[in-house]
Amino acid sequence: MIKAVRGTRDLLPPETALWNFVETQAREVFRAYNFQEIRTPIFEATELFARGVGEETDIVSKEMYTFRTGDDPRWVLATKWLVTRPKYKKIEQLRRPGFGQVFAGLREDDVWEIVIVEIGAGGPKLAALKKMQAERQSLASAAGERPSRYVLVVPSSEAQRVSGLINQDGIEVQGLEMPEGYDPPESLTLRPENTAGVVRAYIEHKLWDRGLNKLYYIGPQFRRERPQKGRYRQFYQIGAEVIGPSSSGSEHPIRDAELLEMLDTLLRRLGIADFTLYINSVGDAQDRAAYNDALRKALQPVVGQMCADCQRRAVTNPLRVFDCKVPEDQPVIATLPVISSYLGEASREHFQNVQALLKEAGVAFEVNPRLVRGLDYYTRTAFEFTHGALGAQNAILGGGRYDGLAELLGSPQPAPGIGFAIGEDRLVMALQARASEATAGLDVYVAPVGEGMNRKALRLAGDLRREGLTVELGDRSFRLKKMFEAATKAGAKYILIVGENEIKADSFSLKNLATGEQVSVPRAELAQRIREQHSR
RNA sequence: GUGGGAAUAGCUCAACUGGCAGAGCACCGGACUGUGGCUCCGACGGUUGCGGGUUCGAUUCCCGUUUCCCACCCCA
C-alpha cells in the first residue's frame, strides 16, 4: 500500500472544519488590522533562503527540501571524476559533449584529477568547492610523488566567477563550452518559511510604490526534520508581515505593539486563553555581535562544569545555552550576562516603547531576557506565544523584527519590518477539544419516494441549495426507512419527503428529526421554513 | 541526525510460559416495501507494518527495516 510519506499526513473531516474555522477567524482579524493576503510560490531559488534565513542555521544547513532542475544526463551531471592514467580513456568513452576540447589542452601524463562541476543559477556552493579542495589535498598527499594538475571544469559562462572563488592552491579552472540546448540547472527549495518569500516579492514588485506594507499569508511550508508531535515535514503557517520604508512607520514601536495586540486578539477569539506572551529585544546587528563576544568570554571559565550540550553550544551558538534544561546548569546560566545590558541606546529605547505601548493596549506579556530567535535575520523585538499541553513543542507562534533583511535580499532601499508565523498544526491541536463546534451540519435530507420522483427531488434539492441550504439527496431505490437512517446518520436537521401526494399538492412533508414533528409545507415556503427553524 | 517506546479488523484494544487471531464500537443487510433513533438477528471485515531467522508450529522469541509516538538536537 502506498502511504503518505514520512512526516506528512492527510487532514480529514471533521478536523478540516477546524482548520477552516481557524483560517476564517485569522482572515477576519487580519482584515480588521488592514492586512491583505499575499500568496507566494511554494518553492523559491535556494539562494533566497541561504541568504535570507542564514547559511549557518540548521534550517538551511540540513533541513531543507532542495532539488535541482535542468539537469540533462547527456550533458555533465557528474560532480567529480577521478582521473588516473588507466582511467583516462574511460572518461573519453563517456562521450559527453564538449569533453574533447577539455582534454585537448591536457597531456595525459600530467593529469591527476579532473573535477567537473555544474554551476547552477544559484551560484557555486562554497561548501561543495571547499570539500573538493580538501579531498584533492588528501589524494595528492597520499599519492605523493606523482606530478599532478588539478583541473576544475565548469560551464564557460561560469568560469570567471568560479575562478574568482577558488583561484588558489594550484587549482586550474577551465571553461567548457556547453552545447546548444544546454539548460543550466537551477537549485530550488521548498519554502521552509514564508518571510523570505514575502520580502522577495516586496522587492520584486516594488510593493512600497503601491502602499502595500501589511501582508499576511496562510499556507504549507516544508522542513526535513524528524517528525514529532506537532512537527511535520509539511506543516502550515499563518503569518503576517509589516514591512516598508521607515517613512511608512514600519520601524516604529507602535507597529510591534499593534502586531502583538492583534495576535492577542486572534488567540482569544479562537477561544485560547491559556497562553503567555514572552518578549525580548535581541538588539541590532552590532548589539548582537558585542553580546555574543561577551557571552563567549563569560562562558569560557565556567563551561567546563556544564553539560555536554552546553559545551557544544558555547562554541557553535552561545545564545542557545539559555535553552538548556539541565537543572545543574541553571545556577551557571543565571550568572551569564543578559542581552539587555548590551543594547545600544536606539534598541533600548525602542524596546521600552514597545513595552509601554503594550501596557497601554492592555496586552499582558512577560519580558524573557533569555528569549532568542534561531534565524539570522531577527533584530530588536523578538517574541513568542506559548501554550501548555503541547508537550515539548509548546510554542504556537513566534516572530520578531527583521530590520536588515530587505537590504540583505537586494532591496534598493531599507525596509524594516516585523512579522510572525503561527504554527497552524499546533494551534489546531490546541483547539481540538472544540472540534464539534466548528463542524457544519446538514440542513435537510431530500427523500424521493415513488416512481419518477428522483427528477423532482433533484430539482427541489437544487432550488434549496441555491437558497443557501446544505442539502443531501437520497435515491428512490432506497427504501424510505433507509433514507431516514441515512438522514439521521448524516446529522440532518430535517428530512423532506418528495412523493406523489406531495407533488400533487405542491406541499411537502417536512419532518424535524430532532423533535419528530412533521408538517406539510407549501413548496414556496420550504427554504424559509427550514431556515427559520434552523436559526432557533 | 541521536536515544527510548510502539505497530493486531475502518476505530479502540484483547489473545497467559510459543499452540485454531478475538471483542466492543463503526459499516452493510434483515426483522419493518411512505417514517429514523431503541431492540433483536445476520453478514462483512486480517499477508498480526514489511523482510529474514529460530521452531513441528511465531501475533508471541531473535535480527534487520519502515512508519508513528515520546524525548534530544533545533525551531516557525
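Each chain gets a letter, A, B and so on, in the order the sequences are listed, and its residues count up from 1. As the structure is a computational prediction, the values presented were derived from the model and not from experiment.
With both ends at atom C1', the span from B/rC20 to B/rA7 equals 24 Å, rounded to whole Å. Straight-line distance between the C1' atoms of B/rU17 and B/rG3: roughly 31 Å, to the nearest whole Å. Separating the C1' atom of B/rA58 from that of B/rA15 is a span of 14 Å, rounded to the nearest Å. Of the P atoms belonging to B/rG64 and B/rC74, the separation is 29 Å, rounded to the nearest Å. Taking atom C1' in both B/rG42 and B/rC32, the straight-line distance is 16 Å, to the nearest Å. Comparing B/rG53 with B/rG18, their C1' atoms sit 15 Å apart, to the nearest whole Å. Separating the P atom of B/rC38 from that of B/rC28 is a span of 14 Å, rounded to the nearest Å. The separation of B/rC61 from B/rU54, taken at their C1' atoms, amounts to 8 Å, rounded to a whole angstrom.
Among the protein residues, A/Gln237 comes within range of the nucleic acid bases, having at least one heavy atom under 4.0 Å from a base atom. Residue A/Gly400 is out of contact with every strand shown, counting any heavy-atom pair closer than 4.0 Å.
By the side chain to side chain donor-acceptor pair (under 3.5 Å) test, A/Tyr278 pairs with no residue at all, sequence neighbours left out. Remark: A/Glu251 engages A/Ser246, A/Arg380 in a side chain to side chain donor-acceptor pair (under 3.5 Å) (not counting sequence neighbours). Here A/Arg268 pairs with A/Asp264 under the side chain to side chain donor-acceptor pair (under 3.5 Å) rule; sequence neighbours left out. Checked against side chain to side chain donor-acceptor pair (under 3.5 Å), A/Ser509 has the following partners two or more places apart in sequence or in another chain: A/Glu502. A search for side chain to side chain contact (heavy atoms under 4.5 Å, CB included) contacts involving A/Arg224 returns A/Tyr65, A/Arg233, not counting sequence neighbours. Qualifying salt bridge (charged side-chain N to carboxylate O under 4.0 Å, His left out) partners for A/Arg223, counting only residues two or more places apart in sequence or in other chains: none.
Between the P atom of B/rC28 and the CE atom of A/Met483 lies a distance of 15 Å, rounded to the nearest Å. Straight-line distance from the CG atom of A/Asp425 to the C1' atom of B/rC75: 14 Å, rounded to whole Å. Counting to the nearest Å, the C1' atom of B/rC75 and the CZ atom of A/Phe420 are 17 Å from each other. Between A/Arg191 atom CZ and B/rC75 atom C1' there is a gap of 18 Å when expressed in whole angstrom units. Rounded to an integer number of Å, the gap from CG of A/Leu397 to C1' of B/rC75 is 13 Å. Going from atom CD of A/Glu225 over to atom P of B/rC68 covers 13 Å, rounded to whole Å. A/Leu12 has its CG atom 20 Å from the P atom of B/rA26, to the nearest Å. Between the CZ atom of A/Arg233 and the C1' atom of B/rG1 there is a distance of 10 Å, given to the nearest Å.
For a distance-only test at 3.5 Å, the side chain of A/Arg226 qualifies as a donor-acceptor partner of the base of B/rU2. A donor and an acceptor atom sit less than 3.5 Å apart, one in the side chain of A/Arg231 and one in the base of B/rC74.
Judged by distance alone, the side chain of A/Asp425 and the main-chain N or O of A/Phe235 form no donor-acceptor pair under 3.5 Å.
Residues A/Arg224 and A/Thr8 each lie close to RNA chain B; by heavy-atom proximity, the contact nearer the 5' end of the strand is made by A/Arg224.
Checked for salt-bridge contact, A/Glu204 and A/Arg200 meet the test: a charged N lies under 4.0 Å from a carboxylate O.
Side-chain nitrogen and oxygen atoms of A/Lys3 include none within less than 4.0 Å of the OP1 or OP2 phosphate oxygen of B/rA7. One finds a side-chain N or O of A/Lys482 lying less than 4.0 angstrom from the OP1 or OP2 phosphate oxygen of B/rG29.
Relative orientation of the A/Phe275 and A/Phe385 rings is tilted, given thresholds of 30° and 60° on the angle between their planes.
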I'd like a table of donor-acceptor pairs (distance under 3.5 Å, sequence neighbours excluded) in which one partner is a side-chain atom from residues 26-33 of chain A, with atom names and distances.
residue	atom	partner	partner atom	Å
A/Arg27	NH1	A/Glu37	OE1	2.6
A/Arg27	NH1	A/Tyr216	OH	3.2
A/Glu28	OE1	A/Arg269	NH2	2.4
A/Tyr33	OH	A/Glu261	OE1	3.1
A/Tyr33	OH	A/Glu261	OE2	3.1
A/Tyr33	OH	A/Thr265	OG1	3.4

Protein-nucleic acid N or O pairs under 3.5 Å, nucleotides 34-38 of chain B:
residue	atom	partner	partner atom	Å
B/rG34	O6	A/Asn501	ND2	3.4
B/rG34	N1	A/Glu502	OE1	3.2
B/rG34	N1	A/Glu502	OE2	3.4
B/rG34	N2	A/Glu502	OE2	2.7
B/rU35	O2	A/Lys511	NZ	3.1
B/rU35	O2	A/Gln518	OE1	3.3
B/rU35	N3	A/Gln518	OE1	2.9
B/rU35	N3	A/Gln518	NE2	3.3
B/rU35	O4	A/Gln518	NE2	2.8
B/rG36	N7	A/Lys511	NZ	3.4
B/rG36	N1	A/Leu513	O	2.4
B/rG36	N2	A/Leu513	O	2.6
B/rG36	N3	A/Thr488	OG1	3.1
B/rG37	N2	A/Leu513	O	3.2

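Rounding to the nearest 0.5 Å places CD of A/Glu241 at 12.0 Å from OH of A/Tyr202.
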| Pairing pattern in dot-bracket form [Watson-Crick, G-U; both distances under 3.5 Å; | = partner strand] for RNA chain B | (((((((..((((.....[..))))..((((.......))))......(((((..]....))))))))))))....
